[in-house]
There are 2 protein chains.
Amino acid sequence: MRNLYHFPLCPFSRKVRFILAEKNLDFELIQENFWERRRDFANLNPAMQVPVLVEDNITIPDSYAICEYIDAKYPENKLLGNSLEEGAGIRRLVSWFDNKFYNEVSKYLLNEKVFRFYTGVGGTHSDAIRVAKANLLPHLEYIRFLTDGYRWLMGGKLTLADIAAASHISVIDYLEEIPWDNFPEVKEWYALIKSQPSFRPILADRVLGFTPPKHYANLDF
Amino acid sequence: MRNLYHFPLCPFSRKVRFILAEKNLDFELIQENFWERRRDFANLNPAMQVPVLVEDNITIPDSYAICEYIDAKYPENKLLGNSLEEGAGIRRLVSWFDNKFYNEVSKYLLNEKVFRFYTGVGGTHSDAIRVAKANLLPHLEYIRFLTDGYRWLMGGKLTLADIAAASHISVIDYLEEIPWDNFPEVKEWYALIKSQPSFRPILADRVLGFTPPKHYANLDF
């Protein structure tokens, strides 16, 4: 038995769904509206955050802990590298997207556009949205730089770095905030991501109150 | 040759110094005032953040990437667990302190009290300091809960969870913001940390413009 507590627009939940699917592992998805602070969920994860994986009798909160666990437990198709050096390069990029990109871009857009709608707390800060949109541009430029001459962020093979990056990018794209026309090379990388069977179910998800742009789930965009 | 680019009051740099010392690895410390955006440092780490480890010809930015690399490369005295399950429990706590604690407590206090002083940008937001001090209390309570009946956060052995927690706590203590008298059990855990030979050099560090309280480096406090 394998259950994943997630929220469809949470980039960290998407990262875990993507890695589980890349490893060909079956799982049940349970949507957790974590801001409702459900008591049973607090018992699973006192941090009250998604994702949380429950595999057999083991409960693992936190996408970092989950991805390390999954990649080590199911070592076929290693997504964290085949050597220590490669692993360090991949983890540096995972951290770039999960920390730097998240705190400079995803967090602002999700808080202002999505979670404020669900929680009803406070008014929108258009300043925060403006800052996030400006911050996004050097990150897209960085993806362009990393993929220059290569299919994937680390070169010839999809790794957890691509999975982390795509998880954030796809959430921002759902909110129609990626200026694709200005970044054709990044679009090419993301088209490859979109074509992965492991990523397709993520693009099929919809959440109450938000409709993604027409191009969102299309392979040709 | 092993060099660590760090800043003395950066909790992530402290975490790496602590793990390197626990592994009995020699290293040279290079203080990097990362806010000065030195060009040579940008070449080492485009994220312009400390810590960065340079070991032989391998450059590893980011404390997550560095700690995973070090623990796997020098597996004697494992600090990320002896089983996958144990590793997941440790990583969940590392993430708690490096993400939740950092974003709710350390980041505010460091930005408002330390980095604003060095960069000279903007005035102090006393609101942020007040929020951080309030946020700190449930985190100290959580450490009390985790160590209840045990020496360390994960039970009988020091792990990267203790190292991460102590790195944040020690920075906040340098800034004299830990209400030790209200948390005697947490004080007991931290006294054990302070008595580790691997942690002593960190407590000996001083930075320009900030003097820690008298008790800061004392084993008896």
Side-chain angles (χ1 to χ4, degrees), chain A residues 12 42 44-49 51-75 80-104 107 111 138-139 141-143 145-146 160-161 164, chain B residues 12 42 44-49 51-75 80-104 107 111 138-139 141-143 145-146 160-161 164:
Chain A
F12 304 99
L44 281 182
N45 184 12
M48 292 301 280
Q49 290 166 338
V52 175
L53 180 73
V54 180
E55 186 174 90
D56 303 320
N57 292 320
I58 301 161
T59 299
I60 311 176
D62 190 87
S63 76
Y64 153 51
I66 299 169
C67 290
E68 292 284 344
Y69 176 85
I70 291 294
D71 201 51
K73 184 159 182 191
Y74 305 99
L80 276 162
N82 290 307
S83 69
L84 291 179
E85 289 77 2
E86 204 192 337
I90 294 167
R91 287 184 177 92
R92 175 184 78 84
L93 289 181
V94 170
S95 187
W96 179 293
F97 289 103
D98 283 351
N99 291 301
K100 200 169 165 64
F101 188 97
Y102 175 69
N103 283 301
E104 294 179 358
K107 190 172 72 176
N111 282 347
H139 284 288
E141 181 54 34
Y142 190 48
I143 295 177
F145 165 78
L146 290 169
L160 197 65
Chain B
F12 304 99
L44 281 182
N45 184 12
M48 293 300 280
Q49 290 166 338
V52 175
L53 180 73
V54 181
E55 187 175 87
D56 303 322
N57 293 319
I58 301 161
T59 299
I60 311 176
D62 191 86
S63 76
Y64 153 51
I66 297 170
C67 291
E68 291 285 343
Y69 176 85
I70 291 295
D71 200 52
K73 185 160 182 191
Y74 306 98
L80 275 162
N82 290 306
S83 70
L84 291 179
E85 289 77 4
E86 203 191 340
I90 295 167
R91 287 183 177 92
R92 175 184 78 85
L93 288 180
V94 170
S95 187
W96 179 294
F97 289 102
D98 283 352
N99 292 302
K100 200 167 166 64
F101 188 97
Y102 175 70
N103 283 301
E104 294 179 357
K107 190 172 72 176
N111 282 348
H139 284 287
E141 182 53 35
Y142 190 48
I143 295 176
F145 165 79
L146 290 169
L160 197 64

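Side-chain atoms are counted along with the backbone in the values below, which use heavy atoms only and exclude waters and symmetry mates. Keep in mind the model is a prediction, meaning the values are calculated, not measured. Here is how names work: the chains are called A, B, and so on, in the same order as the sequence lines, proteins then strands, and each is numbered from 1.
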- prompt: Heavy-atom distance under 4.5 Å to chain A: side chain of B:Lys73, backbone, both or neither?
  reply: both
- prompt: Can you name the nearest heavy-atom pair linking B:Pro46 to A:Trp96, along with the distance?
  reply: C-CZ3, 3.9 Å
statement: Among B:Glu55, B:Arg92, B:Lys100, the residue with the most heavy-atom pairs under 4.5 Å to chain A is B:Arg92
task: Give the member of B:Ser63, B:Pro61, B:Ala72 that has the highest number of heavy-atom pairs under 4.5 Å with chain A.
output: B:Pro61
- line: Applying a strict 4.5 Å limit to non-hydrogen atoms, the region of B:Ile90 in contact with chain A is neither
task: Could you go through the side-chain contact (heavy atoms from CB on, under 4.5 Å) check for A:Tyr64 and B:Glu68 one step at a time?
output: CA-CA 11 Å; A:Tyr64 153 51; B:Glu68 291 285 343; 2.7 Å; yes
task: Sort out for me which of A:Thr59, A:Asp62, A:Ile60 touches chain B most, counting heavy-atom pairs under 4.5 Å.
output: A:Asp62
query: What is the minimum heavy-atom distance between B:Ala65 and A:Ala88, and which atoms define it?
result: CB-O, 3.7 Å
Contact origin within B:Leu84 toward chain A - heavy atom pairs under 4.5 Å: both
query: Is chain A contacted by the side chain of B:Glu85, its backbone, both, or neither, given a heavy-atom distance below 4.5 Å?
result: both
message: With a 4.5 angstrom heavy-atom cut-off, is it the side chain or the backbone of B:Asn103 that approaches chain A, or both, or neither?
response: side chain
message: Heavy-atom cut-off 4.5 Å, strictly under: side chain, backbone, both or neither for A:Leu80 against chain B?
response: side chain
- request: Could you grab the distance from atom CG of A:Asn99 to atom CZ of B:Phe12, nearest 0.5 Å is fine?
  value: 7.5 Å
